[in-house]
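One structure below.
What's counted below: heavy atoms across the whole structure, side chains too, no hydrogens, waters or symmetry copies. Below, chains carry the letters A, B, ... as their sequence lines are ordered, and counting in each starts from 1.
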Amino acid sequence: MNNKSGLILRHTPGVRANHWFVAIVFILATLSGLAFFHPAFFFLSSLFGGGPWAKVLHPFIGVILLAAFFMLASKEWQYNRVTDADRQWQKQALDIMLMRPVKMPDIGRYNLGQKYLFRTLLLMIAVLFLTGIVIWQPYFAPRFSIGLVRLAVVAHGVAGFVTITAIIVHIYAAYWTRGAIRGMTRGTVTAAWAKHHYPGWYKEMSRGSK
Amino acid sequence: MVQQSLNIERRSATTTPSPGVRHSVEVAKLIDISKCIGCKACQAACMEWNDIRDEVGTCKGVYDNPPDLSAGSWTVMRFSEVEAENGKLEWLIRKDGCMHCADPGCLKACPAPGAIIQHTNGIVDFQQENCTGCGYCITGCPFNIPRLSPKDHKAYKCTLCSDRIGAGLEPACAKTCPTGAIMFGSKKEMIIHAEGRIADLKERGYQNAGLYNPEGVGGTHVMYVLQHADKPELYSGLVKDPQISPLVVFWKGIAKPLMSYGLGVAVLTGIMHYVTVGPNETEEDETEK
Ligand code: HEM
Ligand code: SF4
Ligand code: SF4
């Protein structure tokens, strides 16, 4: 911790770049995918140059997302073990969300919600990739049985829904938790913020700097 | 192209009403398999009228040629040699192609507005200019009909000669068939005609002769007279009880609307949470406490 400014480094430049690259690619994958999901979203295909372009681009965007996401995930993997403090947090989750006064347990670098988000994305992006390959016309789909393609197309849509919903929650949580976004844009957070949201991590960081 | 002289019943991925003030009669093509001699004149007529030329393939040692439907072959004759009844050899030749379902799975699955339309006369027609090439129609079809062209990545299939019918002509295949095995007219007329043929076949000993107009897809606008209507599988795997796959029904009927609302609810919940609970701010002097 830099004691003078009271700022703590939360995300290294490498992780920040990776995160925002994933974010951009994710949004492109979502917008192009949603275009196929319901006619109400078909207009989104215009953002990509029309239906055929959206169709052509979406799977490639997905593959880029897969690569970038797994690169980020390999760096974040270590922080996602569930601890006793996390279990305590889970009991208080509703109070925290409704901002009732609670004593924050000694949670580490990430809270349980973030850990679950991470795991959900890990699983769902893998599912999206595997099912996406199966339904990818005209390259791969003709190699699979029609029954499998039908199953994959449904699973892809459901996994897409779960993933997009998870990201809506993620974006809102980051916005709601004032000071979190600067952690990912500028890289640092204030000591007060760290202590308030992640007391365990804060202790670890201040111990390290002493 | 959309035939403006034909009324439209429904269009893929479209939630507003389709143009439909004109009156039209439901049409049907009746293929009498007992009259077909397998000459493939209809296949040639289809190529000719629609100006499609498939790749020249190789002989597979059977009459089926080309061996399968493709973006350049919208109808193919499928030949099967079977012993349907007590060791009597029969050569069943089925003209395969789009059945023009009353409840078309292809149209239900298609995500592109107006890429598949169903005319009120029953014809299901692909509008390639609106097609994205996603192949969803293939998953929707219970008869394995639509094919993506490797050349332009658009889906193609039999149009029932909607352009000819719009101009008051019969389909090219029906016009060409030398034995009269392919007939065209109003669906009502065709059913009546089929009844006569079936009675005739029964008289000739085909006890199970019948009309193939499967209920599972709401009936079709291409119907077959079968000598063995109890065993349609004999005719190169004609589906006995075709239905849109339950997976596709779940995907388009339940998942699609429910999950679309779900996304809206998720966003709205966030906004409502913010305006009621407010942001989660940190007091900057907290560390000093
Ligand atoms: C990981 C690699 C991915 C691949 C290979 C892939 C492939 C595909 C393909 C082939 C389609 C059919 C339409 C088309 O051909 O463009 C599709 C549809 C779709 N994709 Fe992906 N995709 C991937 C990732 C994603 C991601 C990350 C999302 C969003 C979170 C997503 C959301 C969707 C949605 C919502 C649809 C429409 C599904 C429906 O119509 O029910 N996909 N995808
Ligand atoms: S490939 Fe089939 S489902 Fe996809 S847009 Fe074209 S007609 Fe519609
Ligand atoms: S047979 Fe297949 S392609 Fe033809 S209308 Fe029925 S579902 Fe569509």
Is a side-chain N or O of B:Q128 found less than 3.5 angstrom from the main chain of B:A155, in a donor-acceptor match?
yes
Determine which residues belonging to residues 161-183 of chain A lie within contact range of chain B, meaning some heavy atom pair is under 4.5 Å apart, and list them by number or answer 'none'.
A:F161, A:I164, A:T165, A:I168, A:Y172, A:Y175, A:W176, A:T177, A:R178
Report the option among A:I146, A:T190, A:V153 that has the most heavy-atom pairs separated by less than 4.5 Å from atoms of chain B.
A:V153
Counting only non-hydrogen atoms closer than 4.5 Å, does B:L148 touch chain A with its backbone (N, CA, C, O), its side chain (CB onward), both, or neither?
side chain
Max heavy-atom pair count under 4.5 Å with chain A, selected residue of B:A115, B:A13, B:G140, B:P279:
B:P279
Is any residue of residues 101-123 of chain A within less than 4.5 Å of chain B by heavy atoms, and which ones?
none
Polar side-chain atom of A:H156 near backbone of A:L128 as donor-acceptor pair, under 3.5 Å:
yes
Keeping B:R78 on the side-chain end and B:D64 on the backbone end, is there a donor-acceptor pair under 3.5 Å?
no
Tell me, for A:L98 versus chain B, whether the close heavy atoms (under 4.5 Å) come from the side chain, the backbone, both or neither.
both
Show the numbers, then the answer: is there a side-chain contact (heavy atoms from CB on, under 4.5 Å) between B:K157 and B:V124?
CA-CA 10 Å; B:K157 67 159 193 72; B:V124 177; 4.2 Å; yes
Does any part of the side chain of B:K154, heavy atoms only, come nearer than 4.5 Å to the side chain of B:N130, both counted from C-beta?
no
Interface check, chain A: of B:A112, B:C110, B:P113, most non-hydrogen pairs under 4.5 Å belong to B:P113
Ignoring hydrogens and angles, tell me if any N or O in the side chain of B:H100 forms a donor-acceptor pair with the backbone of B:G122 under 3.5 Å.
no
Would you compute the distance between atom NZ of B:K108 and atom SG of B:C101 and round it to the nearest 0.5 angstrom?
10.5 Å
Taking the side chain as every heavy atom from C-beta outward, state whether A:L65 and A:V22 have any pair of such atoms under 4.5 Å apart.
yes
Against chain B, label A:H58 side chain, backbone, both or neither, depending on which of its atoms sit under 4.5 Å from a heavy atom there.
neither
Who among B:I138, B:L263, B:I271 has the most heavy-atom pairs with chain A under 4.5 Å?
B:L263
Euclidean distance, B:Y156 OH relative to B:K151 NZ, rounded to 0.5 Å
8.0 Å
Just checking A:Y79 against A:W201, ring centres under 6.0 Å apart?
no
Within the distance-only criterion (no hydrogens, no angle test), does the side chain of B:R10 pair as donor or acceptor with the backbone N or O of B:T120 below 3.5 angstrom?
no
Value rounded to 0.5 Å, distance of CH2 in A:W136 from NZ in A:K55:
8.0 Å
Where do B:F126 and B:W74 land on the ring pair (Phe, Tyr, Trp, His ring centres under 6.0 Å) test, with the steps shown first?
CA-CA 12 Å; B:F126 284 17; B:W74 298 347; 9.7 Å; no
Side-chain heavy-atom pair B:I117, B:H119 within 4.5 angstrom cut-off
yes
Which atoms of B:C131 approach chain A - backbone, side chain, both or neither, heavy atom under 4.5 Å
backbone
B:D96 side, atom CG; B:Y224 side, atom OH - distance, nearest 0.5 Å
5.0 Å
Strictly less than 4.5 Å between heavy atoms, which residues of residues 42-51 of chain A line up against chain B? Please order them by number.
A:F42, A:G51
Centroid separation under 6.0 Å, is that true for the rings of A:W193 and A:Y202?
no
Below 4.5 Å, heavy-atom pairs only: which of A:R150, A:Q137, A:H38 has the largest tally toward chain B?
A:R150
By side-chain contact (heavy atoms from CB on, under 4.5 Å) - contacts of B:P214 (at least two apart)
B:F143, B:Y212, B:V217, B:T220, B:P242
Name the member of B:A266, B:P257, B:G135, B:C134 that forms the most heavy-atom pairs with chain A at distances under 4.5 Å.
B:C134
Which distance, rounded to the nearest 0.5 Å, do you find between the CD of B:Q43 and the CG of B:N65?
7.5 Å
